Amino acid sequence: MDLTGTDAPAARFDAFTASCPSRQLLDTIGNKWASLVIVALGLGGRMRYSELAARIAGVSQKMLTQTLRNLERDGLLTRTVTPAVPVRVDYELTPLGRSLMVTMHHLKEWAETHMPEVRQAREEYDQRDM
């Protein structure tokens with residue numbers, strides 16, 4: 001079944017295969033910090049590092065830096081350095097990143113909407129194990 005509307009890309013990559021490079025990409029975009037960065041930039045547009053850090057509560061400086069580098073490496077965001085005192089660094093989604101943002105935003109909204117049901121399921125599961 002072709003969910004993308006085109007057979008060409010799907011025929012070349014199969015994430016169910018252990019050696020497929022798309023697995024590495026899924027590791028990156030499936031990371032909670034990456035998904036939150038993508039949604040934050042998708043909703044907020046161009047942002048500075050400090051704005052992202054403030055928007056995404058709980059992310060450490062190390063994890064945010066690593067996440068931004070991974071997303072830049074995969075072509076999902078751009079990093080723009082503007083010479084100033086202090087130096088200004090901005091992050092923005094690329095067209096490829098913007099194409100992923102819709103999916104990530106829906107996933108975030110789904111999690112927020114269905115959290116009460118998930119919480120209930122967890123409580124029921126935890127009660128069975130006692």
Side-chain angles (χ1 to χ4, degrees):
M1 175 197 271
D2 180 21
L3 299 176
T4 63
T6 177
D7 291 324
R12 292 190 3 232
F13 298 103
D14 180 2
F16 289 114
T17 303
S19 62
C20 184
S22 64
R23 278 202 184 181
Q24 228 178 4
L25 178 59
L26 287 172
D27 282 342
T28 298
I29 62 177
N31 175 285
K32 69 179 173 185
W33 302 122
S35 61
L36 292 172
V37 165
I38 291 166
V39 174
L41 290 173
L43 296 174
R46 180 180 280 225
M47 297 176 86
R48 297 180 79 171
Y49 183 96
S50 59
E51 293 172 310
L52 282 167
R55 180 69 181 111
I56 304 170
V59 66
S60 69
Q61 182 177 352
K62 178 183 176 183
M63 282 308 303
L64 182 55
T65 299
Q66 183 179 339
T67 299
L68 291 167
R69 285 181 183 156
N70 288 338
L71 293 173
E72 182 181 12
R73 181 173 185 252
D74 287 341
L76 300 174
L77 63 80
T78 58
R79 178 181 183 267
T80 305
V81 179
T82 305
V85 178
V87 173
R88 180 182 174 103
V89 180
D90 293 293
Y91 296 90
E92 186 173 20
L93 292 179
T94 62
L96 183 61
R98 284 193 298 276
S99 73
L100 180 58
M101 189 287 190
V102 173
T103 301
M104 293 302 201
H105 187 246
H106 284 272
L107 187 58
K108 174 188 164 291
E109 286 185 341
W110 183 92
E112 292 167 348
T113 299
H114 294 284
M115 196 59 224
E117 295 159 86
V118 171
R119 186 177 283 155
Q120 178 64 35
R122 287 176 179 174
E123 289 173 9
E124 290 172 8
Y125 179 89
D126 291 346
Q127 289 300 316
R128 287 195 321 243
D129 285 350
M130 294 184 145

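Quick caveat: nothing in here was measured; it's all calculated off a predicted structure. Residues take their numbers from the sequence shown, with the count starting at 1.
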Verify same cluster id: Leu43, Leu68 (apolar side-chain graph, 4.5 Å) = yes
Report the distance from atom CG of Leu71 to atom CG of Leu100, rounding to the nearest 0.5 Å.
-> 9.0 Å
Where the side chain of Glu51 meets the backbone of Arg48, is there a donor-acceptor pair that is under 3.5 Å apart?
-> yes
Closest approach of Ala15 and Leu26, non-hydrogen atoms and distance?
-> CB-CD1, 3.7 Å
Shared hydrophobic cluster, Leu93 / Leu96 (ILVMFWY, side-chain heavy atoms < 4.5 Å) = yes
In terms of heavy-atom contacts, does CD of Glu109 have more than 12 from other residues, nucleotides or ligands at under 6.0 Å?
-> yes
Within one Ile-Leu-Val-Met-Phe-Trp-Tyr cluster: Ile56 and Val89, side-chain cutoff 4.5 Å = yes
Exactly one candidate in Thr82, Thr80, Val81 meets side-chain contact (heavy atoms from CB on, under 4.5 Å) with Arg88; the answer is Thr82
Does Thr65 use its side chain to pair, donor to acceptor, with the backbone of Lys62 at less than 3.5 Å?
-> no
Side chains of Leu76 and Ile29: does their closest heavy-atom pair fall under 4.5 Å?
-> yes
Contact summary for Arg55 and Ala40, nearest pair of heavy atoms = CG-CB, 4.1 Å
Taking Arg46 for the side chain and Glu92 for the main chain, is one N or O donor matched with an acceptor at less than 3.5 Å?
-> no
Within residues 14-72 or reaching into it, pairs that qualify as ring-ring contact (aromatic ring centres under 6.0 Å, His included) - sequence neighbours excluded | none
Closest non-hydrogen atoms of Thr113 and Pro116, given as atom of the first, atom of the second and distance, are O-CD, 3.5 Å
Rounded to the nearest 0.5 Å, how far apart are OG of Ser19 and CD of Gln24?
-> 11.5 Å
Residues passing the salt bridge (Lys or Arg N to Asp or Glu O under 4.0 Å) test with Arg23, sequence neighbours excluded, are none
Here the gap from Met47 atom CE to Asp90 atom CG, rounded to the nearest 0.5 Å, amounts to 10.5 Å
Lys/Arg-Asp/Glu bridge criterion (N-O < 4.0 Å) met for Arg119, Glu123 = no
Could you list all the ring-ring contact (aromatic ring centres under 6.0 Å, His included) pairs where at least one residue sits in residues 76-119, not counting sequence neighbours?
-> Trp110-His114
Compare every heavy atom of Thr28 with every heavy atom of Ala34, then report the nearest pair and how far apart it is.
-> CB-O, 3.1 Å
Of all heavy-atom pairs between Asp14 and Ser22, which one has the smallest distance, and what is that distance?
-> C-OG, 4.2 Å
Leu36 reachable from Met115 in the ILVMFWY side-chain graph, under 4.5 Å edges = no
Shortest non-hydrogen pair, Met101 vs Val39, comes out as CE-O, 3.9 Å
Between Leu77 and Ile38, is any pair of side-chain heavy atoms under 4.5 Å apart?
-> no
About how many Å separate CG of Asn31 and CG of Asn70, when rounded to the nearest 0.5 Å?
-> 8.0 Å
